[in-house]
*Asks:* 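Here it is: the structure, laid out below.
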Amino acid sequence: MSPFPHLFSEIKVGNRRIKNRIVSSAHGEGLANKGIINEKFIRYYERKAMGGAGMIFTCGSGTVYEKAAHPKYVSLWDPNNEDYFLELTKRVHSHGAIILAQATHKGRRISSKATGYPVQAPSAIPESLNGEIPAVLSVDEIQKIIQAYASSARRLERCGFDGIEITSYGGHLIEQFWSPVINNREDEYGGDLTDRMRFSVEVIEAIAKVVSDSFIISFRMTGDPQTDKIGLSQDDMLKIAKKLDEINRIDLFNISGSTGNTLELQAGTIPPDPYPTGCYNHLAKRMKTLLSVPVLVAGRILDPYQAENALMAGDCDLVAMTRAIIADPNMPNHAYRGNVLRIRPCIGTNQGCIGRTYDGLSIGCAVNPGISDDALHDFTPVSDIQKVVVVGGGPAGMEAARVAGERGHNVILFERSDRLGGQINYGVKQPNRKHYGLHIEWLKNELTRLHVDIKLKTEASIEKILQISPDTVIISTGAETIIPIEAYKVKIPCVTDTDVLEGKVKEINGKSIVVYDKGGKRGGYVANFIAKAGASKVELLTPLQTVCEELDSTNKPSMYRSLAKNGVKWTVNQILQGERNGALVIRDAWSDVEHVIKDVDLIVFAGFSKSNNNLEEQFIKRNLGIEVFVIGDSIAPRTISEAVAEGVRIGNKIGCSVLDTLQNQLR
């Protein structure tokens, strides 16, 4: 019996039975090409079904209407998708999962640069994020959009889908109609709540007329916009949900929190690590008590224990574990069998998943590079077993050791410090990153399971490596933070951010400290750390155009809130010049005007680092005939995503023939 009896119990949704309560909710994949899906898209969802998810929502923000179509997201209106849809549903069903597609019109929440058409909305009121003034939808075009929903639903059922999910979530067109702030129409689609709901009601009714009774109609919405900017409260959303439920054709409500409209509210729709786990469970529970059909909750439910507890507490009937399944598509199967330690955990950074799609890339995962690169998903066992030495126990080296060990090689890992994890050990000490180190803990368990020989507190000289007689050496010695050349003429004490996080800087309380952040990512974290440690004054300087510029947009709002709450002053476009009469001199990047910061006790440099790679040159000079690979920050300092991907790639390459490589790529 599974240790999670509620999570792995069946449930009936509409006329369909779902084998368990684990759901992969709809999310932007960015995998379509001009709105048409492909084999990679199909494999992405098939793996979720193979991994044991009971219910899978595809086509996040799939559009029903050509004038609102984004080329990277699925065009449900396009008949060219039908053959792919048939193949997709066949494969997902073969693994026992139920499959639905999300359908929407994003209204003013999309850009005309993507669609080639003016954005459309109930009224000519621009959104604060993209700022475009929408074209006001005529009644005739509203009717066309309603019929487009129905046409898309008919196509989905014909192509084997078990249902459709209508969404208002994230401030899409339906929610725009509901809002008395965004919708100031004076016709039958504006006015009181009943009239503002007319569009959504007619969409549901139009779909219900053209599909069978066994075709599931799900509705995704916010339980609380968490703002007064759209004129809808938590009570209003409950009232709306009850009215939709009274239509008697919705089979499932999918409840989350927040909405679109501002950068911070949008971040709340895909809440990263600063948000509490289960952050929207209370909203789903309130809905569940008053609705007649099952309720699904989505919002930072990251592991099976948390999911089981949500079900036991009556918060919901089904649990969306989308990012957990992205991190490990096999999570449901591992949980069912009780192999919890085998589950690769989501670390909640958002940089590899939603962060990539916001940058115009396809979906990925910081800890699972197989999401963005098929060649890194499946591993080929090898007959040519090699002795592999890995030098360096950061995420790149640990991943290389794990994959090489998984494939059957004998692996020895050298780490000169007394702990594995590399730079991640500093990251976990930063505020609001409580899940950041979970991947390292998982890797430790995996290396133990695979009997990798780990030698801590061991400096791997070339002589020591040669004593082992390895066939292959992987150099993953990482990078070290440095004090840059800009500080060479500064007499004020200078340290790195890792010095601070490691506890080497003993006197912070009551000090005036400047953080100089070149990379646009780490400075905000260490500034907050210093402020919380009791510094009297913290100023964050950067030569970049915005503070924390390289953070993805879901993490920036919480970072800015934390900096403000902690009293950190930040100044952008500032270049460190040196020191004059005991004061720090900085120059504005655009005006070239210099000014000084007096009474600075300490300067902390963030984002300055250099690669550690002395071994490769020694191996090259000695020409020993040993295959040597260099990976991760040893090549160039980057992020955890690149470190993990390179570790997996090289671990999968060792002892692999050309034929093996080709077969693996064709899987």
Side-chain angles (χ1 to χ4, degrees), residues 2-9 11 13 18-27 48 51-57 60 97 100 102 165 169-170 218 220-224 226 252-258 267-288 294-336 340 342-350 352-354 365-368 432-436 438-439 442 554:
S2 169
F4 306 103
H6 293 82
L7 193 57
F8 289 98
S9 62
I11 185 172
V13 176
I18 317 299
K19 65 180 180 180
N20 60 48
R21 309 298 180 99
I22 298 175
V23 176
S24 175
S25 60
H27 53 283
K48 294 174 185 278
M55 193 175 204
I56 297 170
F57 290 80
L100 296 85
Q102 187 177 84
E165 179 171 78
Y169 188 54
S218 172
R220 185 167 193 183
M221 62 183 290
T222 183
D224 184 357
Q226 299 180 333
L252 176 70
F253 279 91
N254 182 355
I255 304 301
S256 293
S258 196
T269 65
I270 316 99
D273 212 20
Y275 288 73
T277 54
C279 51
Y280 300 133
N281 286 22
H282 64 292
L283 300 176
K285 187 169 189 174
R286 190 175 186 215
M287 291 281 192
K288 178 174 158 50
V295 169
L296 163 67
V297 68
R300 285 190 61 71
I301 297 182
L302 303 176
D303 65 63
Y305 293 106
Q306 188 190 349
E308 179 77 4
N309 289 337
L311 293 166
M312 288 177 61
D315 294 344
C316 55
D317 300 292
L318 297 102
V319 183
M321 304 185 72
T322 309
R323 280 175 286 180
I325 294 172
I326 293 172
D328 192 343
N330 291 317
M331 181 275 294
N333 284 340
H334 284 318
Y336 179 76
V340 178
R342 293 294 313 278
I343 298 170
R344 182 196 288 110
C346 171
I347 62 173
T349 67
N350 277 4
C353 49
I354 192 69
C365 179
V367 297
N368 183 4
N432 295 328
R433 307 199 89 175
K434 55 185 177 291
H435 288 83
Y436 196 53
L438 292 182
H439 181 240
W442 175 77
T554 66

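These numbers were taken from a predicted model, which means no experiment stands behind them.
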*Asks:* Do Ile255 and Tyr280 make a side-chain contact, defined as non-hydrogen atoms from C-beta onward lying under 4.5 Å apart?
*Replies:*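 No, every pair of side-chain atoms sits at 4.5 Å or beyond.
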*Asks:* Are side-chain heavy atoms of Val340 and Phe4 found at a separation under 4.5 Å?
*Replies:*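 The answer is yes, as the side chains (C-beta and beyond) meet within the 4.5 Å cut-off.
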*Asks:* Does Pro345 offer a backbone N or O that forms a donor-acceptor pair with the side chain of Asp303 under 3.5 Å?
*Replies:*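 No; zero donor-acceptor contacts below 3.5 Å.
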*Asks:* Is there a side-chain contact between Ser218 and Leu296 (heavy atoms, below 4.5 Å)?
*Replies:*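 No, side chains not in contact.
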*Asks:* Do any pairs count as a ring pair (Phe, Tyr, Trp, His ring centres under 6.0 Å) and have a residue in residues 313-333, sequence neighbours left out, and if so which ones?
*Replies:*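 Output for this query is empty, none listed.
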*Asks:* Does the side chain of Pro329 come within less than 4.5 Å of Asn368's, by heavy atoms?
*Replies:*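 Yes, close enough: below the 4.5 Å cut-off.
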*Asks:* Which atoms form the tightest heavy-atom contact between Leu302 and Ala324, and what is the distance?
*Replies:*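 Scanning both residues, the minimum pair turns out to be O-CB, 3.5 Å.
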*Asks:* Would the distance check show the side chain of Arg220 and the main-chain N or O of Asn254 forming a donor-acceptor pair, the cut-off being under 3.5 Å?
*Replies:*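 No, Arg220 side chain to Asn254 backbone: no donor-acceptor pair under 3.5 Å.
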*Asks:* Does the Ser256 side chain pair with the main chain of Ala298, one donor and one acceptor, at a distance under 3.5 Å?
*Replies:*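 Yes, Ser256 side chain to Ala298 backbone: donor-acceptor pair under 3.5 Å.
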*Asks:* Which residues pass the ring pair (Phe, Tyr, Trp, His ring centres under 6.0 Å) test with His435, sequence neighbours left out?
*Replies:*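 Ring pair (Phe, Tyr, Trp, His ring centres under 6.0 Å) list for His435, sorted by chain: empty.
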*Asks:* Which of these passes side-chain contact (heavy atoms from CB on, under 4.5 Å) with Leu318: Leu311, Val23, Leu7?
*Replies:*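 The single option meeting the side-chain contact (heavy atoms from CB on, under 4.5 Å) with Leu318 is Val23.
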*Asks:* Under 3.5 Å, side chain of Lys434 to main-chain N/O of Asp273, donor-acceptor pair present?
*Replies:*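 Looks like yes, one N/O pair under 3.5 Å.
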*Asks:* Residues in ring pair (Phe, Tyr, Trp, His ring centres under 6.0 Å) with Phe8, at least two apart?
*Replies:*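 For Phe8, the residues satisfying ring pair (Phe, Tyr, Trp, His ring centres under 6.0 Å) (neighbours in sequence not counted) are Tyr336.
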*Asks:* Can a donor-acceptor pair be found, under 3.5 Å and without considering hydrogens, that links the side chain of Arg344 to the backbone of Val367?
*Replies:*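 Yes.
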*Asks:* Of all residues at least two apart in sequence or in a different chain, which pass the side-chain hydrogen bond (donor to acceptor under 3.5 Å, both in side chains) check with Asn432?
*Replies:*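 Testing Asn432 for side-chain hydrogen bond (donor to acceptor under 3.5 Å, both in side chains), a comparison that skips the adjacent residues, returns Ser562.
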*Asks:* Might you point out which heavy atoms bring Ile56 and Ala53 nearest each other, and give the distance in Å?
*Replies:*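 Closest approach of Ile56 to Ala53: CG1-CB, 4.1 Å.
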*Asks:* Would you check if the side chain of Thr222 reaches a backbone N or O of Tyr169 as a donor-acceptor pair within less than 3.5 Å?
*Replies:*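 The answer is no, because no donor-acceptor pair under 3.5 Å joins these two groups.
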*Asks:* Using a 4.5 Å cut-off on heavy atoms from C-beta on, say whether the side chain of Arg21 contacts that of Ile11.
*Replies:*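 When only atoms from C-beta onward are counted, Arg21 and Ile11 do touch, with a gap below 4.5 Å.
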*Asks:* Applying side chain to side chain donor-acceptor pair (under 3.5 Å) as the test, list every pair that has at least one member in residues 306-321; sequence neighbours left out.
*Replies:*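 Listed by first then second residue: His6-Glu308, Asn281-Asp315, Lys288-Asp317.
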*Asks:* Using the salt bridge (Lys or Arg N to Asp or Glu O under 4.0 Å) rule, collect all pairs that involve residues 320-331, keeping only residues at least two apart or in two chains.
*Replies:*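 Output for this query is empty, none listed.
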*Asks:* Tell me if a side-chain donor or acceptor on Arg300 pairs with a main-chain N or O of Tyr275 at a distance below 3.5 Å.
*Replies:*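 Indeed, once roles are kept as given, a pair shorter than 3.5 Å links the two residues.
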*Asks:* With distance as the sole test, does Thr554 use its side chain to make a donor-acceptor pair with the main-chain N or O of Pro272 at under 3.5 Å?
*Replies:*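 No, Thr554 side chain to Pro272 backbone: no donor-acceptor pair under 3.5 Å.
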